[in-house]
Number of protein chains: 2
Amino acid sequence: MTLARIAGELGVSAMTVSNAYNRPDRLSGALRERIFETADRLGYNGPDPVGRSLRRQRTDVVGVLYSNPLSYAFDDPAAVSFLRGLSSVTEGADLGLLLVPAASGASGGRDPRAAAQAAVDGFVVYSMSDEEPLLTAALGRGLPTVVVDQPARQGVPFVGVDDEGAASEAAGHLLELGHEGFGVVSFALSPDGREGIADPGRQEGAAFQVSRSRLRGYRSAVEAAGLPWSGVSVFECPGSAATLGHRAAGALLSSKRRPTAILSTSDQLALGVLAAAEELGLSVPEDLSVVGFDDVSPGAVPPLTTVRQDHEEKGSLAGRMLVSLLRGEDVPEPRRLPTRLVVRGSTAPPRWPVPAS
Amino acid sequence: MTLARIAGELGVSAMTVSNAYNRPDRLSGALRERIFETADRLGYNGPDPVGRSLRRQRTDVVGVLYSNPLSYAFDDPAAVSFLRGLSSVTEGADLGLLLVPAASGASGGRDPRAAAQAAVDGFVVYSMSDEEPLLTAALGRGLPTVVVDQPARQGVPFVGVDDEGAASEAAGHLLELGHEGFGVVSFALSPDGREGIADPGRQEGAAFQVSRSRLRGYRSAVEAAGLPWSGVSVFECPGSAATLGHRAAGALLSSKRRPTAILSTSDQLALGVLAAAEELGLSVPEDLSVVGFDDVSPGAVPPLTTVRQDHEEKGSLAGRMLVSLLRGEDVPEPRRLPTRLVVRGSTAPPRWPVPAS
DNA sequence: CTACACTACTTTATCGTTAAATAAGCGGTT
DNA sequence: AACCGCTTATTTAACGATAAAGTAGTGTAG
């Protein structure tokens, strides 16, 4: 069933039927009624969305690009909050939200064709590595695009936080408490799935801007306190799950110079660190201080000291920016949303000053 | 930039350019290379998704219809798990997932036009009321559709659980413990936003099949134990948030015949009940037993006795069914997924037998 | 030397819609 | 009878792509 068939049935032009649906005020009430009635009778459900999109050159859909398999997003509380904020804005603007499927290639990267095949008016790109081909493909489409968290690119509207500053503040907190022996548990520095200690080269060369920034923040605070960064082991996990943090902490805590404090680049990892500590008979915060990032784990025991950021607001801001772009309005300067260090029960002064060697 | 322009530039037919992208084996490697190179040079990103969908009569997108504003879905752990399961299957089949925006009308129902406007190959409908116009509109499209949780409709592929049986089991557990005074905290019976005690008429007339079934399950167990259902107050909340459960429990627990046990149709509501009990100085489970539904609140204190169901599997099954339908394969009989009563710390025998009056 | 399969590409027609321009008719005025 | 502004409906021409059928040209077998 198509517009034309309905039109034929009634002896009117297709345009008139189209108008019945799109500009009801442009035809007489009587005719409009007859059209809807005929449509009903013949089982026509209104203009076909695809034909309509082709002609109007817009889809009223926003695409979401995620660097991992889609289903991981629903496992990550930060991503879920982000989507909540984003969806509330897009729905308010009567836009659909398309979760773009991108099969993962062998390299860990995602199939860039996904971005080319998505019938959307614009993209929201969530947390990708610097040179992700999927991102390049999306930007290549020339559609309005907002990047969230990473990578910040010249000329591309961006939403994120000051990761370096926040990380520095987190490390500063531990330093103030008197800690001198640190370990870092980080999520991926690059999307190659590596797991293990990351040397400074790998740290600086990280393909994930957020990882790079947070490590830099930790480092600058540590060095500002006169301590050598070389004394800090950075354990890289290939993702951000508690089990990965658990393994990482296991490695760090069994090294010969055991840290008295562990900085984690996510709460999920920090949760794993807590579990590892418990397993090793270390009590937190007495024997070990732990700091998370994101503030998405309200139920942790002990409650996590962490860097709070408003993920929902991030989604909502990204949504508002994209909606403005779609409407052809100007978009305000890239803004960094605020973060706040929330001190809870997982950090305390070290039991003793760290011995000199 | 279009196929035709690239074709013109090279002096070949549009079809050949199309084939370069869709059936690379149908043209010589040399020409293919020239085409890609020209496309690159002119900034062509491959076939336009909308034109392509129009011609092929498919979009490779699955629409998700939700009975509440979309952003609520990301607040509901059951819905999030469901989406995780669903998205893993759709992504595996290289299908996009379109979260369909449906502005809420005054009646609380959602704008049915949303279903007509969505450019999708099929729908997954998540937990809707019996006569929701949005659902009718979706089914009217004649696209492959799978309904999840409710409403089960003759001839429409369905995924859900045996709510009545599970609820009956939950109530049975309390009866076995010796409880005789019950209260029920239920999420919406009908989408009209009512809050307060629901009489048996409203219970039976509920527009949400799941609500109806769970209440029936509670009731059948209570009556099977020889107790009158009229003695059980059912407090209806307009949604499923902890704050609503809190208010509901406040009302039930301050009535003159205070229940010794409260059955909640969701964990979220049960969490509110726990909060209300604490506020009133009642300890759980000593003074009050509480049972949830869904098993999505691992962190509750005390840990909730609840009905466990596998939301992720539900999403994944719905996805598999829809994918089969899209491929024109047969879909197995509507199946009810299993549930299991998980007894934890929120239920115990009543402190004393309920006094006769 | 015809027949036939095969490759590499083209032609034609169509998917379902809507923007923009155009026309026809209205009662009334000049 | 020409022209008004206004409403209502029509005509025309894309929007960007691909299915299906068709046409050369080439090699290969009988």
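The shown structure was predicted, so the numbers you read here are calculated from the model rather than taken from an experiment. Numbered from 1 within each chain, the chains take letters A, B, ... in sequence-line order.
- For B:Gln57, a side-chain nitrogen or oxygen approaches OP1 or OP2 of C:dG16 to under 4.0 Å.
- Judged as a side chain to side chain donor-acceptor pair (under 3.5 Å), the pairs with a partner in residues 44-55 of chain B (not counting sequence neighbours) are, in order, A:Gln117-B:Arg52, B:Asn22-B:Arg52.
- For the helix from C:dC1-D:dG30 to C:dT30-D:dA1, the rotation axes defined at the first and last 5 base pairs enclose an angle of 80°, given to the nearest 10°.
- Taking a 6.0 Å sphere around OH of A:Tyr72, one finds it holds 12 or fewer heavy atoms contributed by other residues, nucleotides or ligands.
- Counting non-hydrogen atoms under 4.0 angstrom, A:Arg23 reaches the backbone sugars and phosphates but no base.
- Partners of A:Ala14 under the side-chain contact (heavy atoms from CB on, under 4.5 Å) rule, at least two apart in sequence or in another chain, are A:Ala7.
- A:Tyr66 pairs by the ring pair (Phe, Tyr, Trp, His ring centres under 6.0 Å) definition with A:Tyr126, not counting sequence neighbours.
- For the pair A:Asn22 CG and C:dA19 C1', the computed distance is 11 Å after rounding to whole Å.
- With contacts defined as side-chain heavy-atom distances shorter than 4.5 Å, the pair A:Val124/A:Phe82 qualifies.
- In this structure, A:Asp60 contributes its side chain and A:Leu95 its backbone to no donor-acceptor pair below 3.5 Å.
- One atom, CE of A:Met1, and another, P of C:dG16, lie 11 Å apart when rounded to the nearest Å.
- When the side-chain hydrogen bond (donor to acceptor under 3.5 Å, both in side chains) test is applied to A:Thr2, no partner is found at least two apart in sequence or on another chain.
- In this entry the distance linking CZ of A:Arg55 with C1' of C:dT14 reads 17 Å, nearest Å.
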I'd like a table of donor-acceptor pairs (distance under 3.5 Å, sequence neighbours excluded) in which one partner is a side-chain atom from residues 138-158 of chain A, with atom names and distances.
from: A:Arg141; atom 1: NH1; to: A:Ala115; atom 2: O; distance (Å): 2.6
from: A:Arg141; atom 1: NH1; to: A:Ala116; atom 2: O; distance (Å): 3.2
from: A:Arg141; atom 1: NH1; to: A:Ala118; atom 2: O; distance (Å): 3.0
from: A:Arg141; atom 1: NH2; to: A:Ala118; atom 2: O; distance (Å): 3.1
from: A:Thr145; atom 1: OG1; to: A:Leu143; atom 2: O; distance (Å): 2.9
from: A:Asp149; atom 1: OD1; to: A:Lys314; atom 2: NZ; distance (Å): 2.7
from: A:Asp149; atom 1: OD2; to: A:Lys314; atom 2: NZ; distance (Å): 3.2
from: A:Gln150; atom 1: OE1; to: A:Gln209; atom 2: N; distance (Å): 2.9
from: A:Gln150; atom 1: OE1; to: A:Val210; atom 2: N; distance (Å): 2.6
from: A:Gln150; atom 1: NE2; to: A:Ser127; atom 2: OG; distance (Å): 3.0
from: A:Arg153; atom 1: NH1; to: A:Asp130; atom 2: O; distance (Å): 2.9

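- A:Leu3 places its CG atom 16 Å from the C1' atom of C:dT14, with the value rounded to the nearest Å.
- Residues in residues 318-331 of chain B take part in these salt bridge (Lys or Arg N to Asp or Glu O under 4.0 Å) pairs, two or more places apart or across chains: B:Glu313-B:Arg320.
- Looking only at side-chain heavy atoms (C-beta outward), B:Ile35 and B:Thr16 come within less than 4.5 Å of each other.
- Sorted by first and then second residue, the salt bridge (Lys or Arg N to Asp or Glu O under 4.0 Å) pairs involving residues 30-43 of chain A (not counting sequence neighbours) are A:Glu9-A:Arg41.
- Comparing A:Val17 and B:Met15 along DNA chain C, the residue whose closest nucleotide (by nearest heavy atom) sits nearer the 5' end is B:Met15.
- For residues 79-91 of chain B, the set of pairs meeting the salt bridge (Lys or Arg N to Asp or Glu O under 4.0 Å) definition, not counting sequence neighbours, comprises A:Asp75-B:Arg84, A:Arg110-B:Glu91, B:Arg84-B:Glu312.
- In the region residues 36-54 of chain A, proximity to DNA chain D at under 4.0 angstrom, judged on heavy atoms, holds for A:Leu54.
- Salt-bridge check for A:Arg23 with A:Asp25: failed, with every basic side-chain N at 4.0 Å or more from each acidic carboxylate O.
- Here the range on DNA chain D touched by chain B, meaning any atom under 4.0 Å from one of its heavy atoms, is D:dG16 to D:dA20.
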Report all interatomic pairs (protein N or O, nucleotide N or O of nucleotides 6-9 of chain C) with separations under 3.5 Å.
from: C:dC9; atom 1: OP2; to: B:Ser28; atom 2: N; distance (Å): 2.8
from: C:dC9; atom 1: OP2; to: B:Ser28; atom 2: OG; distance (Å): 3.4

